[in-house]
Enquirer: 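Sharing a structure with you now.
Atom set for the values below is all heavy atoms of this structure, side chains included, hydrogens, waters and symmetry mates excluded. Chain naming here is simple, since letters A, B, ... match the order of the sequence lines and numbering starts at 1 in each.
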There are 2 protein chains.
Amino acid sequence: MKANLPETQLEAWRKYYVSFWRVFAAIEADLAAASLPSLSWYDALYQLYLAPERRLRMSALAQGALLSRSGLTRLVDKLEKEKLIERQACPADGRVQHAQLTAKGVELLRKIWPVYRTGIAKYFAPHVSDAEAKEIAAVFGRIVSAAETAAGGAE
Amino acid sequence: MKANLPETQLEAWRKYYVSFWRVFAAIEADLAAASLPSLSWYDALYQLYLAPERRLRMSALAQGALLSRSGLTRLVDKLEKEKLIERQACPADGRVQHAQLTAKGVELLRKIWPVYRTGIAKYFAPHVSDAEAKEIAAVFGRIVSAAETAAGGAE
DNA sequence: GGATATTAGTTGCATACACAACTAAAATGG
DNA sequence: CCATTTTAGTTGTGTATGCAACTAATATCC
């Protein structure tokens, strides 16, 4: 927690911060232009897609989808209404709900991904060499790990 | 706009994406814990602080503060109510408003910055070597430039 | 120079999200 | 085994933000 922050680090932070918002906004705009839902839907569905049996407890999904628990409840409401997922009560623990990805959910994921991928390929990838990409993955991987252990959840 | 996205790039994107949200949330939480306004206020005030005479047209400020024009109008409403800035009509062009940073605005900036800086120093900097920071600044600097020229505004 | 187009900013409306308070279920422990 | 605490998820409420429509002012062009 060094309070002194060298100018180099600060400049890196600023570029990181600004670039993220720009790229994020550009990708969201492309998705909206293609009449597709926003990245938060994608993130949630994709987390489920990755999960064993394509299902996850609400709180795990909230973690993975970068949302608060209440935010996730609302998102899951909408996804469920669209039949993209199903809520399943847990027989072993009455407090727990699982979100289960449906076939329709997978299908939407497959519709979103090409547009998302193209966005990454347009706004991000062209400016990042292969070597830089490896370094970025390493650096930001460390940041993610640190943030997640700090937040208490190993997950 | 290569549609093919190597796994290396993709992995870099994912870490970049997730790390950003984690760090951003952590810093926002620290600011809130210190009863300070959020980064969007800081961003807007800081843009003005950097500007010549500490004032900027609304639309330029929107660009710099990463907001839509309507979003900026609302933010400026709040900042003005807190006397952190003043709106000034432009004598040369009746459509234009300038936002002018006040002394109180500078003061708030100076209160926020230590907390913000500490957040960067806690969540970001420890995981980034000096060499990596230089590279990150370069890479994301390119991304920002590309995004801004694409968005039409050189600025 | 007056009709039309463009530009700057604002406002109406809708949406997405967080925090805090709540409910229900399970764990703890005496 | 009942009372208390903890945990999982939901709901009430407030806020931040964007898009599209609007207003007012300037620029363009015949």
Enquirer: Hey, which of Arg55(B), His98(B), Gln97(B) is the one that makes side-chain hydrogen bond (donor to acceptor under 3.5 Å, both in side chains) with Gln88(B)?
Expert: Arg55(B)

Enquirer: Please determine whether a side-chain nitrogen of the Lys or Arg among Lys134(A) and Asp130(A) lies less than 4.0 Å from a carboxylate oxygen of the Asp or Glu.
Expert: yes

Enquirer: Under 4.0 Å, heavy atoms only, any strand: does Ser40(A) hit a base, just the sugar-phosphate, or nothing?
Expert: sugar-phosphate

Enquirer: Between dT17(D) atom P and Leu72(B) atom CG, what is the distance in whole Å?
Expert: 10 Å

Enquirer: Please tell me if Arg87(B) has a side-chain N or O lying less than 4.0 Å from either OP1 or OP2 of dT10(C).
Expert: yes

Enquirer: Can you figure out which of dA25(D), dA18(C), dT11(C) approaches the side chain of Arg74(A) most closely?
Expert: dA18(C)

Enquirer: From the options dA18(C), dT10(C), dG9(D), select the nucleotide whose nearest atom is closest to the side chain of Met58(A).
Expert: dG9(D)

Enquirer: In whole Å, what is the span from the CG atom of Leu61(A) to the C1' atom of dC17(C)?
Expert: 15 Å

Enquirer: Could you state the CG-P distance from Leu75(A) to dT15(C), rounded to the nearest angstrom?
Expert: 15 Å

Enquirer: Of the candidate nucleotides dG9(D), dT7(C), dG12(C), which contains the atom at the shortest distance from the side chain of Ser59(A)?
Expert: dG9(D)

Enquirer: Can you measure Asp93(B) atom CG to dA25(D) atom C1' for me and round it to whole angstrom units?
Expert: 7 Å

Enquirer: Is Arg69(B) close enough to dT10(C) that one of its side-chain N or O atoms is under 4.0 Å from OP1 or OP2 there?
Expert: no

Enquirer: Could you tell me how the ring of Trp13(A) sits relative to the ring of Tyr16(A): parallel (under 30°), tilted (30 to 60°) or perpendicular (over 60°)?
Expert: perpendicular

Enquirer: Check whether any side-chain N or O of Lys78(B) sits under 4.0 Å from OP1 or OP2 of dT15(D), and answer yes or no.
Expert: no

Enquirer: Would you mind telling me which residue lines up with the more 5' stretch of DNA chain D, Leu66(B) or Thr73(A), judged by nearest nucleotide?
Expert: Thr73(A)

Enquirer: Between dT26(D), dA18(C), dG18(D), spot the one nearest the side chain of Ser70(B), thanks.
Expert: dG18(D)

Enquirer: For Gln97(B) and dT11(C), give me the distance from atom CD to atom P, rounded to whole Å.
Expert: 11 Å

Enquirer: Tell me: CG of Leu31(B) to P of dT15(D), nearest whole Å?
Expert: 18 Å

Enquirer: Taking only Lys NZ, Arg NE, NH1 and NH2, and the carboxylate oxygens of Asp or Glu, determine whether Arg110(B) and Glu107(B) approach each other closer than 4.0 Å.
Expert: no

Enquirer: What nucleotide among dA8(C), dC19(C), dA8(D) has an atom nearest to a side-chain atom of Val96(B)?
Expert: dA8(C)

Enquirer: If you assign Arg95(A) and His98(B) each to the DNA chain C nucleotide with the nearest heavy atom, which residue ends up on the more 5' nucleotide?
Expert: His98(B)

Enquirer: Measure from CG on Asp77(B) to C1' on dG12(C) and round the result to the nearest Å.
Expert: 14 Å

Enquirer: In this structure, how many angstroms lie between the C1' atom of dT10(D) and the CZ atom of Arg57(A), rounded?
Expert: 15 Å

Enquirer: Is Lys104(B) salt-bridged to Glu86(B), cutoff N-O under 4.0 Å?
Expert: no

Enquirer: Starting at the 5' end of DNA chain C, which residue's closest nucleotide do you reach first, Gly94(A) or Leu67(A)?
Expert: Leu67(A)

